[in-house]
Amino acid sequence: MTEEKEIKGSDPAEVEAVDEGEVLAWKCHPVRRRPLISVLVSLLILVVGAVILFVMQSSLFAAFSVIVLFAALAKFYWPTSYQLSDRKIRVKTTTQTLIKEWTIYRSCYADKNGILLSPFAEPTRLENFRGLYIMFDNNREEVTAFVKARIGGKHLKRTEASVDDQKNGASA
């Protein structure tokens with residue numbers, strides 16, 4: 001694992017280095033992982049565009065449908081970068097960067113393609129809307145272990161407890 005420093009502030013006099021601790025980073029690109037499915041999905045999008053062109057007799061609607069379908073599948077076509085550190089989770093897609101703290105997630109559920117981070121302690125139907133899904137890229141065990149060690153800020157509580165123990169030990 002590597003350590004990363006983050007620079008905050010715009011004024012060089014105010015620049016502060018923040019230790020992110022242990023960092024796990026990778027890129028997931030589903031279109032490269034499944035080339036046959038990629039070709040089939042792309043052909044389906046083009047067929048839908050052709051059908052709309054034939055039925056509606058409007059190249060504008062056909063082009064719009066192809067663009068909407070392609071945009072809806074952007075996470076499939078474009079790579080997503082994941083960076084998990086001791087402090088936060090960073091997910092960078094083509095159009096946005098999402099940064100979340102570990103403390104907001106209280107449970108996790110792994111499946112064959114990724115792991116769902118949930119803000120709820122118990123399973124609920126809202127997890128899919130409020131949770132964060134992190135996709136694996138041949139690193140299932142490593143990501144699952146990293147996530148489970150940090151869910152709910154457990155690692156921060158251990159660090160605070162060890163700091164308190166050191167303070168108490170030093171004063172005794």
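Keep in mind that this is a model prediction, so the values were computed, not measured.
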### Task
Of all the heavy-atom pairs spanning P30 and S38, show the shortest one and how long it is.
O-OG, 4.5 Å
### Task
Check ring-ring contact (aromatic ring centres under 6.0 Å, His included) between Y77 and all other residues, then give those that pass, not counting sequence neighbours.
F70
#### Entry: Flag, side chain of S65 to backbone of A62, donor-acceptor distance under 3.5 Å
yes
### Task
Identify the heavy atoms of V23 and S85 that sit nearest to each other, and give their distance.
CG2-CB, 3.9 Å
### From SG (C108) to CD1 (I151), nearest 0.5 Å
4.5 Å
### Task
Would you name the heavy atoms of R106 and P119 that are closest together and state the gap between them?
CD-O, 3.3 Å
### Query
Under 4.0 Å between a Lys/Arg side-chain N and an Asp/Glu carboxylate O for E22 and R87?
no
### Task
Give every residue pair that meets the side-chain hydrogen bond (donor to acceptor under 3.5 Å, both in side chains) criterion with at least one member in residues 115-124, sequence neighbours excluded.
S118-E127
### Task
Apply side-chain contact (heavy atoms from CB on, under 4.5 Å) to T80 and list each qualifying residue two or more places apart in sequence or on a separate chain.
Y82, V91, T93
#### Entry: Closest approach of T144 to A110 (non-hydrogen atoms, all atoms of both residues)
OG1-CB, 4.3 Å
### Task
Report yes if some heavy atom in the side chain of I89 is under 4.5 Å from a heavy atom in the side chain of I99; otherwise report no.
no
#### Entry: With V39 via side-chain contact (heavy atoms from CB on, under 4.5 Å) - residues at least two apart
L43
### Summary
Minimal heavy-atom distance between F76 and I37, with the atoms involved, is CZ-CG2, 4.2 Å
### Task
Answer yes or no: is there a donor N or O on one side and an acceptor on the other, between the side chain of N139 and the main chain of E142, under 3.5 Å?
no
### Query
At their closest point, which heavy atom of G49 faces which heavy atom of V66, and how far apart are they?
CA-CG2, 3.7 Å
### Message
Could you check whether any side-chain heavy atom of L40 comes within less than 4.5 Å of a side-chain heavy atom of L36, counting everything from C-beta outward?
### Response
yes
### Task
Would you kindly confirm whether I67 and L60 end up in one hydrophobic cluster when ILVMFWY residues are joined by side chain heavy atoms under 4.5 Å apart?
no
### CZ (F120) with more than 12 external heavy atoms under 6.0 Å
yes
### Query
Is V47 linked to F54 within one hydrophobic cluster, defined over Ile, Leu, Val, Met, Phe, Trp and Tyr using a side-chain heavy-atom separation of less than 4.5 Å?
yes
### Message
To the nearest 0.5 Å, what is the distance between CZ on R150 and CG on L117?
### Response
12.0 Å
### Summary
So OG1 of T97 and NZ of K92: to nearest 0.5 Å the spacing works out to 4.0 Å
### Task
Is it possible for you to say whether M135 and L73 belong to one hydrophobic cluster, with membership spreading through side-chain heavy-atom contacts below 4.5 Å?
no
### Message
So L84 and W102, do their side chains get closer than 4.5 Å, heavy atoms only?
### Response
yes
### Results of side-chain contact (heavy atoms from CB on, under 4.5 Å) for S59 - residues two or more places apart only
L53
### Separation between OG of S42 and CG of L69, rounded to the nearest 0.5 Å
11.0 Å
### Query
Does R140 reach the main-chain N or O of N113 with its side chain, forming a donor-acceptor pair under 3.5 Å?
no
### Query
When clusters are formed by joining ILVMFWY residues with side-chain heavy atoms under 4.5 Å apart, either directly or through shared neighbours, do M56 and L46 land in the same one?
no
### Task
With sequence neighbours excluded, give me every side-chain hydrogen bond (donor to acceptor under 3.5 Å, both in side chains) pair touching residues 23-37.
none
#### Entry: Within-4.5 Å side-chain heavy-atom neighbours: D111 and Y133
yes
### Query
Within a strict 4.5 Å, meaning less than it, do heavy atoms of the L132 and L98 side chains meet?
yes
### Message
According to a hydrophobic-cluster definition based on side-chain heavy atoms being under 4.5 Å apart (Ile, Leu, Val, Met, Phe, Trp, Tyr only), do V31 and F136 belong together?
### Response
no
#### Entry: Over 12 non-hydrogen atoms of neighbours within 6.0 angstrom of CZ in F61
no
